[in-house]
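Shown next, in structure tokens, is the structure this report addresses.
Whatever order the structure lists them in is the order used to number ligands and atoms, beginning at 1. Hydrogens, waters and symmetry mates are skipped; everything else that's a heavy atom, side chains included, is used. Here the structure is a predicted model, which means the values were calculated and not measured.
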Amino acid sequence: MSDPGPFVSTRGLGRVFDVSKPWLNRMIEREEKVFLTAAENVTFDIPRGETFALVGESGSGKSTIAKMIVGLLRPSSGTVTVDGVDLFAQGDLAGQTALRRRIQMIFQDPYASLNPRWRVGDIIAEPVRAFGLEADARAIKRRVGELLEQVGLSALDGIKYPHEFSGGQRQRICIARALASKPEFIVCDEPTSALDVSVQSQVLNLMRDLQRDLGLTYLMISHDLSVVRYMADHIGVLYLGRLVETAPRAALFDAPRHPYTRMLLDAAPRLDAFGRTAETVVGEIPDPIDRPSGCHFHPRCTHNDGTRCVGEAPERLDLGRGRAVACHGVEEGRIGEGRP
Ligand SMILES: Nc1ncnc2c1ncn2[C@@H]1O[C@H](COP(=O)(O)OP(=O)(O)OP(=O)(O)O)[C@@H](O)[C@H]1O
Ligand code: SF4
Ligand SMILES: [Mg+2]
């Protein structure tokens, strides 16, 4: 059988925001328009049934990329393809009902994403009705009960309101609502970062069980490396809108190549179990409106050569076995597989 190819692909995905002051203010103050590049040339693939995680500091463009991948935000450049269909080829995704049903998103704050005035049963029934997935009211009610039980709640919970549940239970309700349209691909933007640590692992375990049982494909977004390590098959590291390294989970954690990936791992004490000497995080994240020239990481990088690193944006270099790195030092052989 021929290789079906990746289930989800992005190619050169980018998004620029116009963050200028209003026209009149600009005229009076004689200011130019100001643009912010939140994502630039982002390319990765997710095979069906696998989890790809995007990790990066606050403001690195994780949510912007997530919104483009579910069709909530139009890219300024590049493409998103899901099961061979280009999401934005025929206008916005809103018009593509079949594809919309197959892609769902779970957000960080489960309370903000649930309508407080609706009963939980109605919240979960809404996508079932919208996509016409059940024939009548009785079948919808049965399906809602099934979904609640599938996420570890009771079918009787459908008559309650969101405020009657704990944070972890509310995230389970969001998962049930996401599952209601029978999706194949779920984008999870920091799904557990608002929850207590003890509850986090329960929700992550549920998500893993659902993935196995339903064959789901996940894009998982997190700034928490322990979450990423637990959930992901493949990881992409973002810095100021650019992917600096993508690698299978073990390769990334055992032998990170990009200096920024190394710094991130060194800054995560819980993960420092490999005999590496922990380094402190060097410097602040630069202003995203005025990103450093060349390699955006150069002001913080101990391998900065002062010339090419400052003047030229590094291209994505395919290192084989699912790993790609964008770094002049790696390309030139100055940064090897071993630690400095
Ligand atoms: N609608 C918008 N208009 C203008 N700028 C935006 C908009 N959305 C995001 N940005 C900017 O784009 C950059 C990336 O934002 P994004 O929300 O994607 O980051 P993130 O990695 O999800 O961060 P966090 O971890 O804090 O959620 C930030 O500098 C942000 O201020
Ligand atoms: S390109 Fe240069 S500055 Fe950027 S991470 Fe690599 S060595 Fe450091
Ligand atoms: Mg975000």
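Cation-pi geometry between R208 and Y230 is met: under 6.0 angstrom from the ring centre, within 45 degrees of the axis.
Every atom of ligand 2 with a heavy atom of H303 under 4.0 Å away is listed here by number and element: 7 (S). Heavy-atom proximity to H258, at under 4.0 Å, picks out these atoms of ligand 2: 5 (S). Residue H298 has at least one heavy-atom neighbour below 4.0 Å for each of these atoms of ligand 2: 3 (S). Ligand-side atoms of ligand 2 in range of C295: 1 (S), 3 (S), 4 (Fe), 5 (S), range being under 4.0 angstrom from any heavy atom. Set against the non-hydrogen atoms of P259, the atoms of ligand 2 under 4.0 Å away are 5 (S).
Here C327 reaches atom 6 (Fe) of ligand 2: one of its N/O/S atoms is less than 2.8 Å from the metal. Inclusion of C301 in the first shell of atom 4 (Fe) of ligand 2 is not supported: no N, O or S atom falls under 2.8 Å. At a cut-off of 2.8 Å, C309 is counted among the residues with an N, O or S atom near atom 2 (Fe) of ligand 2.
Within 4.0 Å of ligand 1, contacts by protein heavy atoms are made from F17, V19, L36, A38, E57, S58, G59, S60, G61, K62, S63, T64, P288.
I103 and L179 fall into different hydrophobic clusters, where Ile, Leu, Val, Met, Phe, Trp and Tyr residues are linked whenever their side-chain heavy atoms come under 4.5 Å apart, directly or through other members. Under the 4.5 Å side-chain heavy-atom criterion for grouping Ile, Leu, Val, Met, Phe, Trp and Tyr, I175 is not connected to L219 through any hydrophobic cluster.
Within the 4.0 Å heavy-atom criterion, neither part of R308 lies near ligand 2.
Residues H258 and Y239 are not in side-chain contact: their nearest non-hydrogen atoms beyond the backbone lie 4.5 Å or more apart.
Closest non-hydrogen pair, I69 versus L13, comes out as CG1-CD2, 4.3 Å. Between V310 and S293, the shortest heavy-atom contact is O-OG, 2.6 Å.
Side-chain atoms of D18 and S20 form a donor-acceptor pair, as typed in the model, at a separation below 3.5 Å. Using modelled atom types, one finds no donor on one side chain facing an acceptor on the other under 3.5 Å when comparing R242 with Y260. In summary, the side chains of D189 and S63 do present a donor paired with an acceptor at a separation below 3.5 Å, with no hydrogens or angles considered.
Partner of T51 under the side-chain hydrogen bond (donor to acceptor under 3.5 Å, both in side chains) criterion, chosen from R249, H234, Q211: Q211.
Ligand 2 lies out of reach of H296, whose nearest heavy atom is not under 4.0 Å from it.
With respect to atom 1 (S) of ligand 2, the closest heavy atom belonging to the protein is H328 N, 3.2 Å.
Heavy-atom neighbours of E315 CD from other residues, nucleotides or ligands within 6.0 Å: at or below the threshold of 12.
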